[in-house]
Amino acid sequence: MSKIIRINLANNEIREEASPKGWEMIGGRALISKVMEEEVDPTCDPLGPKNKLIIAPGVLAGTTASCVNRISIGGKSPLTGTIKESNAGGTTAYKLGRLGIKALIIEGQPADNGLFTIYVSEDKVELVKTEELKEVGVYSAADKLRERFGGKVGMIIIGPAGERLYRAAGIANTDNEGVPSRYSARGGLGAVMGSKRIKAVVIDDSVAKGPEIANEELFKKTRSAMAELIVNNEQVANSYTKLGTAGLVNLTNSLGALPTRNFSTGSFEGAEEINGQKLYELITSRKGEGRPSHACMPGCLIRCSNVFPDENGKTIVSPIEYETIGLLGSNCGISSLDTIGKLNYLCNDIGLDTIDIGGAIGVAMEAGIIPFGDGEGAVKLLEEVQNDTYLGKIIGSGAAIAGEVLGVKRVPVAKGQVLAAYDPRAIKGLGVTYATSPMGGDHTAGQTLRSPVDHKKPEGQVEASRNAQIVNTLHDCIGTCFFVGGAIKGELQLLGDLMESMTGKPCSVEDMKQVAKDTLIRERRFNRGAGLNEADDRLPEFFYTEENPASGTVFDVPNEELKEVFNFE
Amino acid sequence: MKSVKLEIFAGSESIVKEINLDDDKTVRDLLTENGIDEINEYIVIINGVNTFDSYILQHGDRVKVFPAMSGG
Ligand code: SF4
């Protein structure tokens with residue numbers, strides 16, 4: 001991949017540059033951290049003209065190896081005030097990779113309140129006026145854009161939430177079927193895109209040349225070796241493929257780590273109604289459009305995604321993921337997959353992060369706006385968001401702001417961002433990640449669920465989180481789906497071989513880890529420049545003082561030890 | 001004699017068994033006897049605590065075995 005394309009909204013100028021020398025191994029999250037450090041003042045207003053929105057596929061994008069086409073979208077977050085990279089599946093990275101595009105950098109801000117779409121193809125990049133899409137939901141915006149630009153394009157879209165600068169606004173990417181539901185959800189980047197008045201990026205790879213692969217033979221050999229490991233991996237077939245990530249509900253519920261009623265406990269009496277088995281049973285018995293396994297991107301052999309149908313077999317939403325079930329389900333005391341599916345669809349259509357909104361609804365329930373377990377009430381709250389009422393604006397701002405406005409003391413956020421669906425008192429390594437990651441409360445920043453530590457004890461968690469943060473960052477930089485690591489039984493050198501086949505240069509696991517470490521160091525530097533310090537690397541106080549009754553633990557990894565997470569700095 | 005409750009979650013089914021043990025057995029022994037060799041590919045939770053292969057089973061333990069997964 002060779003090109004970087006800059007789109008400046010201040011003067012509508014579009015510039016193409018060659019990728020800088022020495023950036024062969026730099027893509028995705030690594031690229032975002034470099035551009036942010038070199039070009040963006042860390043003290044800037046995240047919604048002002050000095051911030052940039054960077055869309056960067058990983059280094060392997062555009063190829064058809066399994067699980068290598070994740071997209072990274074980044075900038076300074078209006079939610080956390082930190083640097084942010086938000087990662088998703090779908091086809092947009094694949095298509096950008098096929099066009100030889102290493103990054104789209106969206107800069108500046110238009111003087112008026114117009115609304116634009118960026119169209120990218122092999123022979124042109126242009127800014128197109130799309131005023132008619134103002135306040136249009138994500139799903140119908142995708143349909144309208146397809147009518148205009150053709151059925152096969154990939155799309156990156158924001159909903160009304162992003163246009164209105166809601167702090168919990170995400171960015172949707174289309175999947176293999178063109179459904180805009182693979183979300184770069186976290187950190188309010190939808191609002192950054194909205195602040196630049198970009199409704200969508202349309203990627204047309206119909207006449208693309210495809211990515212440059214330096215060593216085709218090595219690529220093909222490695223792709224087959226990976227495929228062999230994945231299709232013969234029984235655990236993958238039984239877990240990710242069959243149940244999707246929803247298979248985690250039983251596991252976390254057994255550990256006392258499933259967020260329940262605004263993180264007041266870690267096991268939910270309704271877990272059996274929302275677990276992977278139940279989801280599988282509903283999908284397979286309702287038939288119609290439902291599918292228990294589905295690939296979100298070309299070439300994925302794990303297929304952890306799904307299509308969830310209603311009683312008549314019509315799609316409610318695709319996919320339903322574990323984190324959404326944990327935050328919009330158990331965290332709100334809601335034990336119906338149909339209701340969770342409906343809430344998920346509404347979030348997707350308005351353009352919101354399901355994790356932050358699940359957190360915000362949980363906080364609103366704790367404030368007594370509606371009771372825990374009130375699914376219909378939750379749907380009404382999202383309709384308030386859709387209608388942009390004052391209460392809707394509060395929920396759409398995410399849990400940190402909702403908690404402050406509604407006078408709630410227990411607000412489950414780190415650096416302003418809602419924690420994912422693992423209680424940090426029951427899986428303490430994830431607590432360390434939430435507290436210290438430059439991204440704020442985010443499980444994909446350093447997942448320790450499989451680490452060889454007793455999750456309830458404080459010992460060993462800092463090391464577990466450090467290792468996980470490095471490995472997760474590695475995947476975010478080369479553009480691989482994190483699940484592929486387990487599926488190829490930890491043989492990360494295969495990913496190194498894929499890297500070598502692309503760049504022509506040998507690449508060890510250590511080399512990839514170095515890229516990841518350098519990225520983390522740059523991100524932390526940016527955050528320090530933005531005014532964050534060690535005091536920001538903490539969880540909310542109630543996790544230290546209030547016992548999670550299901551796990552019988554509080555979060556007790558000492559602050560002194562938290563300082564050691566980035567001992568490679 | 002000790003007895004433990006074993007629950008294996010595999011795909012859409014779960015297998016539940018009461019098992020009697022006549023002598024000291026580890027988690028690894030229990031899993032291999034029940035057809036699971038690649039123990040590192042599983043997460044074992046005993047009485048709510050994630051546990052490792054050398055743990056010696058005690059009377060009344062509730063053993064849950066999950067394919068190792070990691071979020072989404
Ligand atoms: S494993 Fe799941 S998330 Fe990863 S690429 Fe495949 S379908 Fe997408």
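Each chain gets a letter, A, B and so on, in the order its sequence line appears, and its residues count up from 1.
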Looking at [X], I'd like to know if its [atom1] atom is crowded, meaning that more than 12 non-hydrogen atoms belonging to other residues, nucleotides or ligands lie closer than 6.0 Å.
X        : atom1 : result
B:Glu13  : CD    : no
B:Glu7   : CD    : yes
A:Glu547 : CD    : yes

Is any residue of [range] within less than 4.5 Å of chain A by heavy atoms, and which ones?
range                     : answer
residues 32-45 of chain B : B:Glu38, B:Asn40, B:Glu41, B:Tyr42, B:Ile43, B:Ile45
residues 58-66 of chain B : B:Lys64, B:Phe66
residues 14-31 of chain B : none

How many angstroms lie between atom CG of A:Leu279 and atom OG of B:Ser12, to the nearest 0.5 angstrom? 11.5 Å

Atom pair CE/OG1 of B:Met69 and A:Thr245 - distance to nearest 0.5 Å: 6.5 Å

Nearest atoms (heavy-atom pairs only) where A:Lys242 meets B:Gly11: CD-CA, 3.9 Å

Is A:Leu251 in contact with chain B via its backbone, its side chain, both, or neither, using a 4.5 Å heavy-atom distance? both

Bottom line for A:Val236: the part with an atom under 4.5 Å from chain B's heavy atoms is neither

Counting only N and O atoms by type, is there a donor-acceptor contact under 3.5 Å from the side chain of B:Asn50 to the main-chain atoms of A:His455? yes

Restricting to salt bridge (Lys or Arg N to Asp or Glu O under 4.0 Å), what partner residues turn up for A:Lys287, sequence neighbours left out? none

Is the shortest heavy-atom distance from the side chain of A:Gln277 to the side chain of B:Phe9 under 4.5 Å? yes

Mind ranking A:Thr284, A:Thr241, A:Asn253, A:Leu243 by heavy-atom pairs under 4.5 Å with chain B and telling me who comes out on top? A:Leu243

Quick one: of A:Gly486, A:Pro452, A:Ala550, A:Cys304, who has the most non-hydrogen atom pairs under 4.5 Å with chain B? A:Pro452

